[in-house]
Amino acid sequence: MSSSRFADRPALLGVLLFVTSETAFFALLIVTYVHFFGQSSTAAMARAHLDPFRTGIFSLFLFSSSFAVWRAERTGRANRIGRRRFWLAATIALGIVFLAGQVLEYAGILRSGLGLGSNLFTSTFFTLTGFHAAHVLVGLVMLSILLGLDLANATNARSGAQQSVSIYWHFVDGVWVVIFAIVYVLTFRGIIG
Amino acid sequence: MLDWASTVDHKKIGILYMLTALVFFVIGGLEALAMRIQLSRPNNTFLGPETYNQLFTMHGTTMIFLVGMPLLIGLAIYLVPLMIGARDMAFPRLNAFGYWLIPFGGLLIYFSFFATGASTAGWFSYPPLSLRNYTLGNGPFGNVGGVDYWSIGLLIVGVGSVASAINLIATILLLRAPGMGFGRMPLFCWLIFVTAALILIAIPALNAALVMLFFDRRFGTAFFDPTGGGSPLLWQNFFWIFGHPEVYILILPAFAIISEVIPVFARKPIYGYEFVAGSGVSIGLFGLFVWAHHMFAAGLSQGVTIWFGAASMLIAVPTGVKIFNWIGTLWGGSLRFRTPLLFALAFILQFTVGGLSGIVFATIALDWQLTDTYFVVAHLHYVLFGGTVFAVFAGTYYWFPKFTGRMLSERLGRWHLWLAVIGLNATFFVQHMLGVMGMPRRVYTYGDFPGWALANGISTVGAVILGSSIVVFLWNMYVSLRHGDIAGDNPWDAWTLEWATTSPPQPENFDTVPPVLGRRPLYELTAQRESANRRQSVGRGQEIVL
C-alpha cells in the first residue's frame with residue numbers, strides 16, 4: 001500500500017475508507033433486493049411500475065456528472081478557478097436532474113397507491129434507491145459548500161476537500177451503475193426474476 | 001469539564017472512551033448479578049419473566065456494544081499514536097465525533113427502560129420476536145417498543161465505531177515515526193489495524209440490517225416478517241455477517257494487549273513476531289467467512305453447514321499459533337511475576353478453555369445438541385471474560401502508570417486476580433455441565449431437576465465472587481490514583497515508544513520522537529548508547545595507554 005500518496009492529504013485516505021465501509025452497506029441492501037426477487041411476484045411488480053427508458057435517460061445525467069466533477073478537480077488543480085466554478089455548478093445541476101428523475105419514478109409508484117410497506121417489491125426498491133438518493137443529496141450539499149467557498153474566494157487549494165468530495169461522488173455514481181444494472185437492465189432483460 | 005467535553009486530544013478521548021465503558025461495565029455487571037440471583041434456586045421469584053428478558057438483552061447489548069468495543073477502541077485511540085510516535089490521531093475532530101456518539105447511543109438504548117421497557121429480543125434480536133407483533137411496548141411515549149430504541153441506539157453507536165476505525169487505519173498508515181516500517185510496528189498496532197479493518201467492513205452490515213428491522217417495525221415493510229413474505233433467516237445471516245467478525249473485533253485487541261505485555265515481563269522479544277502479525281491477519285480474513293456457524297440449528301443445507309463447520313475449525317489454527325507464540329516468548333524468559341503478567345497468564349489459560357469449547361460448537365452434531373443451552377453461555381463468557389476482559393485487566397495494570405503517572409497496588413492486584421479467576425471458573429465452569437444436562441439459556445427460571453439447583457447455586461456464588469473482584473479493581477484504581485507509587489516514564493523497562501515520554505504524556509506526546517532502529521526502539525536505543533559509551537571509554541583507555 002503506497003501510503004506516501006496520502007501523506008499530505010490524509011482526508012483522501014479517510015474518504016476512501018469511508019467509501020469502503022459504505023460499499024458494504026449498499027452490498028447488503030442490493031443482496032436483499034436480489035434475494036427477494038422472484039418472490040411474491042416482485043419481478044412482475046418491477047416490470048409493471050418501473051420505467052427503464054426514462055430512468056435510463058436520467059441515469060445518463062448522473063453518469064456524466066462524474067465527468068464534470070473530474071473536470072472540476074483537474075481545473076482546480078491547474079488553478080483555473082473560473083473553469084472550476086463552471087464544472088462544480090455543472091456537477092450540481094446534473095445531480096439535481098438525476099434526483100428529479102428519481103422523484104418522477106417514485107411519484108409514479110406512489111400514485112398507483114403503493115408505498116414503502118406495500119409489498120416486498122416496494123420495500124426493497126424504495127429502501128435501496130432511497131438510500132442511494134440520500135447519498136446523492138449529501139453529495140450535492142458537499143458540492144454546494146465547495147462551490148460556495150469558491151464563489152467567496154475562500155477555497156484553500158491545498159486542502160483535500162475537492163478530491164475527497166470527488167471520490168465520494170464517483171462512489172455514489174458507481175453504486176448507481178450497479179443498482180441500475182440490477183434493478184432495471186437485468187430485470188427488464190428477464191435475466192433475473 | 002468543558003475542557004473534556006471539547007477536547008480533540010487522543011489521550012483525553014481515549015480516557016473518555018474507557019471511563020464510559022467502565023460505567024456501562026458496572027451497569028451490565030449489575031444486570032448479570034440480578035439474573036444470577038434470580039437463578040440461584042429453582043422456581044425463584046426475584047425477577048419476573050418480562051424483566052428477566054429485558055435484563056439478558058441489555059446485559060448482552062451493553063457488554064458487547066457499550067463496554068467491549070468502546071473499551072478496546074478507547075485503549076487503541078490512547079495508545080496507537082504514542083506507540084507509533086505520532087502527536088495525535090490522523091483526524092482529531094472525527095475522533096471526538098466518534099466518541100460522543102457512543103454515550104448518546106447508549107443513553108438512547110437505556111432510555112427504553114423508562115419509556116416502554118427495554119428490548120426483550122436478546123442481543124441478536126431475531127425476528128419474528130423482534131417484530132412489532134411480539135415486542136411493542138405501550139408506555140408514556142406512545143406505541144413504541146424497546147427494539148425501536150435498541151435499533152436506533154445501535155445504529156448511532158455503529159456510526160461512531162466506523163468513524164474510529166477509519167481514524168485508526170489512517171493513523172497507522174500515515175503517521176508512523178520515521179524508521180517505523182510495518183515490520184517494526186508494535187504488534188499492538190498490527191492487531192488493532194486488523195480490528196479496525198473488520199469494524200470498517202462488518203459494522204455496515206449490522207447498520208443495514210438495523211435499518212431494515214426498524215423499517216419493518218415502523219414503516220410496515222416485511223424484510224424479516226414471514227407473514228409479509230419476508231425472511232427471518234435473512235436477518236440471521238445479516239446479523240452474523242456482522243456478528244462473527246464482531247467476535248474478532250472483541251478478541252484481536254485482547255491478543256494485541258497480551259502480545260505487548262508478555263515480552264516485557266519475560267524480558268525477551270516476542271517469539272515469532274511475523275507469525276503473531278500474520279495469524280492476526282488470517283484470523284481477520286477467516287472471520288469474515290464463518291458467520292453461519294451461529295445458525296447450524298436454523299436448517300441450512302448440508303453443504304453450507306459443512307463448509308461453515310470446517311471453516312470455523314480452521315480458525316483454531318491461527319489462534320493456536322498465537323498461543324504458541326506467547327508460550328514460546330515465556331519459555332526461558334526471566335519472568336517477572338507482576339500483576340500484568342499474572343493476568344496475561346490467566347488469559348492464556350482461560351481463553352484456551354473457551355477456545356476448546358468453541359471447537360465443540362464447530363462440530364455440527366454437538367452444536368445441534370448444545371445450542372441454546374448454558375454450554376453456549378459458558379463458552380462465550382470464557383472467551384469474552386476469561387479472554388477479552390482478563391486481557392484488559394492485564395493491560396490496565398500495565399498501562400495505568402502511563403495513563404495516570406501512578407502505579408496500581410500490587411497487593412490489591414493479587415486480590416483482584418485471584419477473586420476474578422476463582423469467580424470466573426465458579427460461575428461458568430458448572431454452566432458447561434448445566435448445558436450438557438439440557439438447561440436452556442434465556443429462560444427466567446427452572447424446575448427442581450437433579451443437580452440443577454446445586455450447579456446454579458455454585459454459579460451464583462461464583463458471580464458474587466466475580467463481582468467482588470471488580471469492587472477490588474475499582475477500589476485499587478481509586479486508591480492508587482491518589483496514593484499510588486509515582487511511576488516515572490518507564491516503570492516496567494518496556495521498549496515501545498509510549499514509554500519514551502512522560503507519564504501521563506504531555507499534550508502532543510513527545511518533545512522529540514526517539515529514532516526507531518528496530519522492533520523495540522527503546523531497547524535498541526539503550527543498546528546503541530551503551531556500545532557508543534563503551535567505544536568511547538575504550539578509545540579513552542587507548543589514549544591513556546599511549
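Below, chain A is the first sequence line, B the second, and so on; all start at residue 1.
- Heavy atoms of Thr124(A) lying under 4.5 Å from chain B belong to its backbone as well as its side chain.
- You'll find the side chain of Leu206(B) reaches within 4.5 Å of the side chain of Phe65(B), heavy atoms only.
- In terms of heavy-atom pairs under 4.5 Å with chain B, the best-connected choice from Ser21(A), Ala24(A), Gly115(A) is Ser21(A).
- In this structure, chain A has heavy atoms under 4.5 Å from both the backbone and the side chain of Phe223(B).
- Per-residue heavy-atom pair counts under 4.5 Å with chain A were compared for Ala90(B), Ala209(B), Ala205(B), and the maximum is reached by Ala205(B).
- For Phe91(B), the part lying under 4.5 angstrom from a heavy atom of chain A is the side chain only.
- Around atom CZ of Arg132(B), more than 12 heavy atoms belonging to other residues, nucleotides or ligands sit under 6.0 Å away.
- With a threshold of 4.5 angstrom between heavy atoms, Leu234(B) approaches chain A through side-chain atoms but not through N, CA, C or O.
- Aromatic ring pairs are classed by plane angle as parallel below 30°, tilted from 30° to 60° and perpendicular above 60°; the pair Phe242(B) and Phe239(B) is perpendicular.
- Between His49(A) and Thr122(A) there is no side-chain heavy-atom pair separated by less than 4.5 Å.
- Aromatic ring orientation, Tyr248(B) versus His244(B): perpendicular (interplanar angle above 60°, classes split at 30° and 60°).
- Looking at Ser231(B), both its backbone and its side chain come within 4.5 Å of chain A, counting heavy atoms on both sides.
- Between Phe124(B) and Trp240(B), the distance separating the two ring centers is shorter than 6.0 angstrom.
- Neither the backbone nor the side chain of Phe126(A) comes within less than 4.5 Å of any heavy atom in chain B.
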